[in-house]
> 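First, the structure itself, so that you have it in front of you.
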Amino acid sequence: MKKKLFTTLTAISAALLLSACGGSSEAADTSAAAESSAEASTDGETTIVTVGVVGAYNDHWDVVNELLAPEGIQVELVHFSDYGTPNRALNDGEIDLNSFQHKAFLKNDIETAGYELTDIADTLIAPLSIYNNKDKIQSIDDIKDGDIIAIPSDRTNGGRALKLLEAAGLIVCDPETGSMPTVADITTYNKEIEIIEAESATLANLLPDCAAAVINGGNAFTAGFNPSVDAIFTEDVDPETNPNVSDLINVIVARTADKDNEVYKKVVEAFQTDEVREAILENYDGAFIPAF
């Protein structure tokens, strides 16, 4: 997988300028429940698989459905407004699968909430980037003492964001904290910036009040940003130079009891195809990198 991922990264590195994730759901459709997709249909009816997602970046799932149609399977997306809810909904049986988070986020949610969930397929990487308030700064070098930078408030993406600010030369974090430091773990401010934390989906809306914000690929795409044009600094997602890349791969997740469900395996097979890979590369302006 690393070799394929590195090949993809190399192919689109120019576009990227190499410089996952409670409340209630905002469902695009209200189809629910795992029982609908426990077994493939044998009577000509369509088997529905509900998949929880976050954000507006889902065109590649149309390709998945085209490929699944001959199998009599259809994915119906259930949209959530935040990263806190889809794992709870999946664990409680309200949806069949979800596809919104990276492996580090899933691991943290399982450890903190006790969910019985398992990832069943690698999908893509959504690099974090620093986006600037163009009325205030034009580059990383323009960031000065007193500037406000917004980062995600969840544990894993917040840690990623701080490591990105460190890579950009703005701060230094305690190396003992590894890939997921907190603001309390900052040992040096090379620029006396003020870091504020907010739910990932709100960061683009906060940008007018900040000098910059650290936003992941999905939320940036939803906000209309093009990472290759609008970002002033982007996370290194080359597995040859970033040892944490494997934890940043987004995944399709099932309840552990259903990880071997034959219908879900067909969904995975349809997702991990050249057709879906091409859809990801073509539709999202470099916000996502296929990881299969």
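Counting from 1, the numbers follow the sequence of the chain as shown.
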> Find out whether P227 and F221 are in side-chain contact, i.e. whether some heavy atom of one side chain is under 4.5 Å from a heavy atom of the other.
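No, their side chains stay 4.5 Å or more apart.
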> Measure across V276 and A270 and return the closest heavy-atom pair with its distance rounded to 0.1 Å.
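Looking at all heavy atoms of both residues, the shortest contact is CG2-O, 3.4 Å.
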> Could you check whether S228 and N226, counting side-chain N and O atoms only, form a donor-acceptor pair closer than 3.5 Å?
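Yes, a side-chain donor-acceptor pair sits under 3.5 Å.
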> So which heavy atom on D122 is nearest to which on A291, and how close?
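The pair with the smallest heavy-atom distance is CB-O, 3.6 Å.
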> Would you say I148 ends up clustered with L164 if hydrophobic residues are merged whenever their side chains have heavy atoms under 4.5 Å apart, either directly or through other cluster members?
no
> Tell me if a side-chain donor or acceptor on T222 pairs with a main-chain N or O of G55 at a distance below 3.5 Å.
no
> Group every Ile, Leu, Val, Met, Phe, Trp and Tyr by side-chain heavy-atom contacts under 4.5 Å, then state whether I193 and L206 land in the same group.
no
> Will you find, in the side chains of T85 and D82, an N or O donor that is under 3.5 Å from an N or O acceptor?
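The criterion, which ignores hydrogens and geometry beyond distance, is satisfied for D82 and T85.
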> Report yes or no: does D92 contribute a side-chain atom to a donor-acceptor pair with the main-chain N or O of E94 at less than 3.5 Å?
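Not confirmed, D92 side chain does not pair with E94 backbone.
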> Closer than 4.0 angstrom, basic N to acidic O: yes or no for K163 and E235?
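No, no charged N to carboxylate O under 4.0 Å.
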> Considering only heavy atoms from C-beta outward, does the side chain of L124 approach that of P290 to under 4.5 Å?
no
> To the nearest 0.5 Å, what is the distance between CD1 on I280 and OH on Y57?
12.5 Å
> Give, for atom CD1 of I215 and atom CG of L207, the distance between the pair rounded to the nearest 0.5 Å.
6.0 Å
> Show your working on side-chain contact (heavy atoms from CB on, under 4.5 Å) between V183 and E197 and close with a plain yes or no.
CA-CA 9 Å; V183 173; E197 299 172 279; 4.1 Å; yes
> Side chains of D236 and T241 only: does a donor on one sit below 3.5 Å from an acceptor on the other?
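Yes, T241 and D236 have a side-chain donor paired with an acceptor closer than 3.5 Å.
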> Do I252 and D119 come within less than 4.5 Å of each other through their side chains, counting heavy atoms only?
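Answer no - side chains too far apart.
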> Using modelled atom types only, decide if a donor and an acceptor are shared between the side chain of D145 and the backbone of E192 within a distance under 3.5 Å.
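Yes: the side chain of D145 pairs with the backbone of E192.
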> Between E116 and R255, is the closest basic N to carboxylate O distance under 4.0 Å?
no
> For P181 versus G178, what's the shortest heavy-atom pair and its separation?
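Nearest heavy atoms, P181 then G178: CD-O, 3.8 Å.
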> Counting only N and O atoms by type, is there a donor-acceptor contact under 3.5 Å from the side chain of T202 to the main-chain atoms of A198?
no
> Would you call the rings of Y284 and H60 parallel, tilted or perpendicular, where under 30° means parallel and over 60° means perpendicular?
perpendicular
> Are L128 and L203 connected in the hydrophobic side-chain network, where two residues link if heavy atoms are under 4.5 Å apart?
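No, no single cluster joins them.
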> Taking all non-hydrogen atoms of both residues into account, name the closest pair between L97 and V49 and its distance.
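Minimum heavy-atom separation between L97 and V49: CD1-CG1, 3.8 Å.
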> For the backbone of S179 and the side chain of N244, can you confirm whether one donor and one acceptor N or O come within less than 3.5 Å of each other?
no
> Rounded to the nearest 0.5 Å, what separation is found between the CD1 atom of I143 and the CD1 atom of I137?
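If I round to the nearest 0.5 Å, the distance is 4.0 Å.
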> Side chain to side chain donor-acceptor pair (under 3.5 Å), that's the test. Do T188 and N190 meet it? Break it down for me.
CA-CA 6 Å; T188 303; N190 294 326; 5.6 Å; no
> Look at the side-chain heavy atoms of Ile, Leu, Val, Met, Phe, Trp and Tyr, link any pair under 4.5 Å apart, and say whether M180 and I195 land in one connected group.
no
> Find out whether L67 and E275 are in side-chain contact, i.e. whether some heavy atom of one side chain is under 4.5 Å from a heavy atom of the other.
yes
> Is there a path of hydrophobic side-chain contacts, each under 4.5 Å between heavy atoms of I, L, V, M, F, W or Y residues, that connects Y115 with L106?
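The answer is yes; both residues are in one hydrophobic cluster.
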> Could you go through T50 and D96, starting from their C-alpha distance and side-chain angles, then the distance that decides it, and tell me whether this counts as side chain to side chain donor-acceptor pair (under 3.5 Å)?
CA-CA 5 Å; T50 53; D96 299 322; 3.1 Å; yes
> Indicate yes or no: does K266 engage E269 in a salt bridge with an N to O separation below 4.0 Å.
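Salt bridge absent between K266 and E269.
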> Apply side-chain contact (heavy atoms from CB on, under 4.5 Å) to residues Q272 and V268 and explain how you reach the verdict.
CA-CA 6 Å; Q272 293 182 331; V268 169; 3.7 Å; yes
> Are the side chain of E166 and the backbone of C173 linked by a donor-acceptor contact shorter than 3.5 Å?
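Between the backbone of C173 and the side chain of E166 there is a qualifying donor-acceptor contact (under 3.5 Å).
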> F100 vs F80, test: ring pair (Phe, Tyr, Trp, His ring centres under 6.0 Å). Steps then yes/no.
CA-CA 10 Å; F100 76 100; F80 294 87; 8.0 Å; no
> Using the six-membered ring wherever Trp is involved, compare the ring planes of Y131 and F225 and label them parallel, tilted or perpendicular (cut-offs 30° and 60°).
parallel
> In sequence, state the C-alpha distance, the side-chain angles, and the governing distance for V54 and H79, and then conclude on side-chain contact (heavy atoms from CB on, under 4.5 Å).
CA-CA 6 Å; V54 178; H79 293 264; over 6 Å; no
> Measuring from I151:CD1 to C210:SG, what's the distance to the nearest 0.5 Å?
11.0 Å
> Of the non-hydrogen atoms in P152 and S200, which two are nearest, and what is the gap between them?
CB-OG, 3.4 Å
> Rounded to the nearest 0.5 Å, what separates atom CG in L248 from atom CG in N242?
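Atom-to-atom, L248:CG and N242:CG are 6.5 Å apart.
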> If the threshold is 4.0 Å, N to carboxylate O, is there a salt bridge linking K107 and D247?
no
> Return the CD1 to CG distance between I125 and N216, rounded to the nearest 0.5 Å.
12.5 Å
> With a 4.5 Å cut-off on side-chain heavy atoms, are N98 and N87 touching?
yes
> Are I73 and Y264 side-chain neighbours, meaning at least one heavy-atom pair lies under 4.5 Å?
no
> V53 versus V78: any side-chain heavy-atom pair under 4.5 Å?
no
> Mind listing the closest non-hydrogen atom pair of P127 and T234 along with its distance?
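The answer is CB-CG2, 4.1 Å.
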> Are the side chain of T123 and the backbone of N250 linked by a donor-acceptor contact shorter than 3.5 Å?
yes
> Going by the rule salt bridge (charged side-chain N to carboxylate O under 4.0 Å, His left out), which residues pair with K259 if we only count those two or more places apart in sequence or in a different chain?
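Not a single residue meets the salt bridge (charged side-chain N to carboxylate O under 4.0 Å, His left out) criterion with K259.
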> Without hydrogens or angle criteria, can the side chains of N157 and D154 be said to hold a donor-acceptor pair below 3.5 Å?
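Present: a donor and an acceptor within the cut-off.
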> Under 3.5 Å, is there a donor on one side chain and an acceptor on the other for D174 and T187?
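No pair is found: no donor N or O on one side chain lies under 3.5 Å from an acceptor on the other.
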> Can you check whether I186 reaches L162 side chain to side chain, under 4.5 Å on heavy atoms?
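They are in contact (side-chain heavy atoms under 4.5 Å apart), so the answer is yes.
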> Check for a donor-acceptor pair, side chain of D142 on one end and backbone N or O of S139 on the other, with a separation under 3.5 Å.
yes
> Report yes or no: do D185 and T182 form a side-chain donor-acceptor pair below 3.5 Å?
yes
> Is it the case that the side chain of N261 and the backbone of V263 share a donor-acceptor pair, with hydrogens and angles ignored and the cut-off at 3.5 Å?
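Yes, the answer is positive, given that a donor and an acceptor are paired below the 3.5 Å cut-off.
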